[in-house]
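We count ligands from 1, going down the list as the structure has it; atoms in each ligand are counted the same way. Side chains are part of it too, since the values below use all heavy atoms of this structure and drop only hydrogens, waters and symmetry mates. No experiment lies behind these values; they were computed from the predicted model shown. Throughout, residue positions are numbered sequentially from 1 according to the sequence presented.
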Amino acid sequence: MEIKKIGVFTSGGDAPGMNACVRAVVRAGVHFGVEVYGIHGGYQGMIENEITPMQASSVANIIQYGGTILKTARSKDFMSPEGRKKAYENIRNHDIDALVCIGGNGTYTGAMTFQNEFGIPCIGCPGTIDNDLFGTDYTIGFDTAINTALDAIDKIRDTADAHNRVFFIEVMGRHSGHIALYAGIAGGAEGIFIPEKENEFEDISNTYIKKSRNKQFSIFVVAEGEEDGHAYEIAKKFQERFPETDSRVTVLGHIQRGGKPSANDRILASRLGAHAVKSLLEGQNGVAVGIINNQVTFTPFYKAIYEKKDINENLWIMNNILTR
Ligand code: F6P
């Protein structure tokens, strides 16, 4: 089937660089002579028929902004067959032949189901700060998020130093420790707690005891998804174990989702968006586009969804050497 009209949307948690990706999809569409429609508010917008045509000028002056001009949502309605049927009717009424779906795991799951049910070709672009998608080295938004977290860690380090305190800084990552690992290494954290590893509390406590160089203050980074508990629980345990310390907790939260995308995120998003359109027109679908070792790759949705992307083990080992 010849593709003449493409729909693009962002879905799930927003990520800095999503706008750059939307821009790339629209501009690549114009380049290849296809019409592009923006679907506003993710799958929910598809159900509510929030669909408008976009031109090259619709995406002017957005590359530098966080958030997403197309808005985003986590749609419960799309999980029901009735919701998806309604969405499909709206897509067909606009004569949209294919979709570029920018988001994370939930977005890919929706796209895979939609394509299986209605045969509409879908291609995914990895957009989530968590970097937890299989089939790409990095996701759109991750680089900006770790830099935002790093900026906060550096600031907290000043006050930790001034007061001789121990800080537990919680970063995002619902089920994964990628943000914690990268921000923790870059921020010189003394210990990192991530869901992919076990017994960090024991290891970190033992090291804390052994440290000969009379440390005055400490920074620990905790992933939101850490199985030992959130930063508050870990800090409480630590305080009980080391009553002589004065500990504090900072939860960075949604600050990590916003802000100006970094150069790396803008470039990644531009490459992924442009390749998504090109490859759709060349017949690719049912896949997520990614970049591995600087090469564009395609991963079937089911693999991108169900395979776990491991943390970089070499970084973990290296960090343990540098911080012990
Ligand atoms: O998936 C991105 C993410 O920011 C996670 O790190 C976090 O757990 C979740 O989204 C928060 O979602 P919401 O904004 O819906 O509360």
- Task: Could you name the option among Glu224, Arg257, Met172, His254 that has the heavy atom nearest to atom 8 (O) of ligand 1?
- Result: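 Selected option, by shortest heavy-atom distance: Glu224.
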- Message: My understanding is that we take every heavy atom of each candidate and find the minimum distance to atom 2 (C) of ligand 1. Doing that for Asp132, Asp130, Ile179, Val171, which one comes out nearest?
- Response: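 Of the listed residues, Asp130 has the closest heavy atom.
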- Hey, do the aromatic rings of Phe168 and Tyr232 have their centres closer than 6.0 Å?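 They do not qualify: ring centres at least 6.0 Å apart.
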- Proximal ligand 1 atoms for Gly173, defined as those under 4.0 Å from one of its heavy atoms: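 Once the distances to Gly173 are compared, the set is 6 (O).
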- If we ignore angles and hydrogens, is there a donor and acceptor under 3.5 Å between the side chains of Ser262 and Asn147?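 Asn147 and Ser262 do not have a side-chain donor-acceptor pair below 3.5 Å.
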- Gln216 versus Asp161, side-chain donor and acceptor atoms under 3.5 Å: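 No, no side-chain donor-acceptor contact under 3.5 Å.
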- Item | Sidechain N-carboxylate O distance under 4.0 Å for Glu196, Lys309 |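 Between Lys309 and Glu196 there is no salt bridge, as every charged N stays at least 4.0 Å from the carboxylate O atoms.
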- Query: Of the protein's non-hydrogen atoms, which lies at the shortest distance from atom 12 (O) of ligand 1, and what is that distance?
  - Reply: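 Result: Arg74 NH2, 3.0 Å.
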